Structures are given as C-alpha cells and as structure tokens.
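Each remark here refers to the structure printed beneath this line.
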Amino acid sequence: MSSTDDHDHDAEAVTDRVHDNSWSANLEKPQYTDDPELAVRDGVVAIEHTAPGNHVNLVTHGDLGHPEAFLYDALAEEYDDGVDWEYIQQCGCGGHVTRVYVD
C-alpha cells in the first residue's frame, strides 16, 4: 500500500462467505471506537472467512491505537500457526491496516 489513504472504507466488517481473494475488513465503524474486544472478535471472523493463499486487511479504528496494543497478542493466542501478519500503515483517516496472510 502507498502512504496515502487508499483502503476501502466501505469494506465488509464481518462476512458470511469465504473470500477466495484478498480483501479488507472494515473495523473502523463507530461500534469499534471503544471496543478492542469486538475488533479482535470480528477480525478473527474475517480471517476465518479468508481462503488459504489469500490475505485480509484488518483496518482498525484509530481510537483503539496501534494494533500491536490489542490485536497481535490475541492473534498469536488464537492461531498457533497458519496465519502471519504485518503492520502496513496508519491511514490518513487515523485507522491502522494490519495485513493477515492465511496459509
């Protein structure tokens, strides 16, 4: 991603279908503002609905702070292996993008 605000603010927050492509999960909506547990829960749902060989961008609300503070340990506890993640950037809107690769 570039350093500009180029993620999709209208991306799905949670999905009922498996994405056999790379996609973005919008965890920036108002319900996530003060609820890191909800962001983690819906992030896990997004990962579970991403087919192996693809990635999902978890776009978390800026008010939650850097995802390292609430997301990374939760992902490590949830997944022994099978997923890897990396911090991509902070968006111009203040949100944060973490890319999760599903093996």
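For the numbers below, each heavy atom of this structure counts, side chains included, while hydrogens, waters and symmetry mates do not. Predicted, not measured: the structure shown is a model, and the values here were computed from it.
- Taking 4.5 Å as the limit, every side-chain heavy atom of V59 sits out of range of all side-chain heavy atoms of L27.
- In this structure a side-chain-to-backbone donor-acceptor pair under 3.5 Å is present from H66 to E68.
- Summarising the geometry, atom CG belonging to N57 is positioned 9.5 Å from atom CD belonging to Q89; distances are rounded to the nearest 0.5 Å.
- Residues V40 and L71 form a side-chain contact, since some pair of their non-hydrogen atoms from C-beta on lies under 4.5 Å apart.
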Quiz item: Where do D42 and Y32 land on the side-chain hydrogen bond (donor to acceptor under 3.5 Å, both in side chains) test, with the steps shown first?
Solution: CA-CA 10 Å; D42 286 355; Y32 300 105; 2.5 Å; yes
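- Annotation: the span from N54 atom CG to W23 atom CH2 amounts to 11.0 Å, rounded to 0.5 Å.
- Classification of the H96-Y87 ring pair by plane angle, with boundaries at 30° and 60°, yields tilted.
- Annotation: D103, atom CG; neighbour count of heavy atoms from other residues, nucleotides and ligands within 6.0 Å is above 12.
- Using a distance-only test at 3.5 Å, with no hydrogens or angles considered, a donor-acceptor pair links the side chain of N26 to the main chain of E28.
- No donor-acceptor distance shorter than 3.5 angstrom exists from the side chain of S22 to the backbone of V56, with no hydrogens or angles considered.
- Note on I47 and F70: same hydrophobic cluster, where clusters join Ile, Leu, Val, Met, Phe, Trp and Tyr whose side-chain heavy atoms are under 4.5 Å apart, directly or indirectly.
- Residues Q31 and L38 have side chains in contact (heavy-atom distance under 4.5 Å, counting atoms from C-beta outward).
- Here the side chains of L58 and V100 are in contact, with some heavy-atom distance below 4.5 Å.
- Y101 has its side chain out of reach of W85: every pair of non-hydrogen atoms, C-beta onward, lies at least 4.5 Å apart.
- Minimum heavy-atom separation, A39 to L64: CB-CD1, 3.9 Å.
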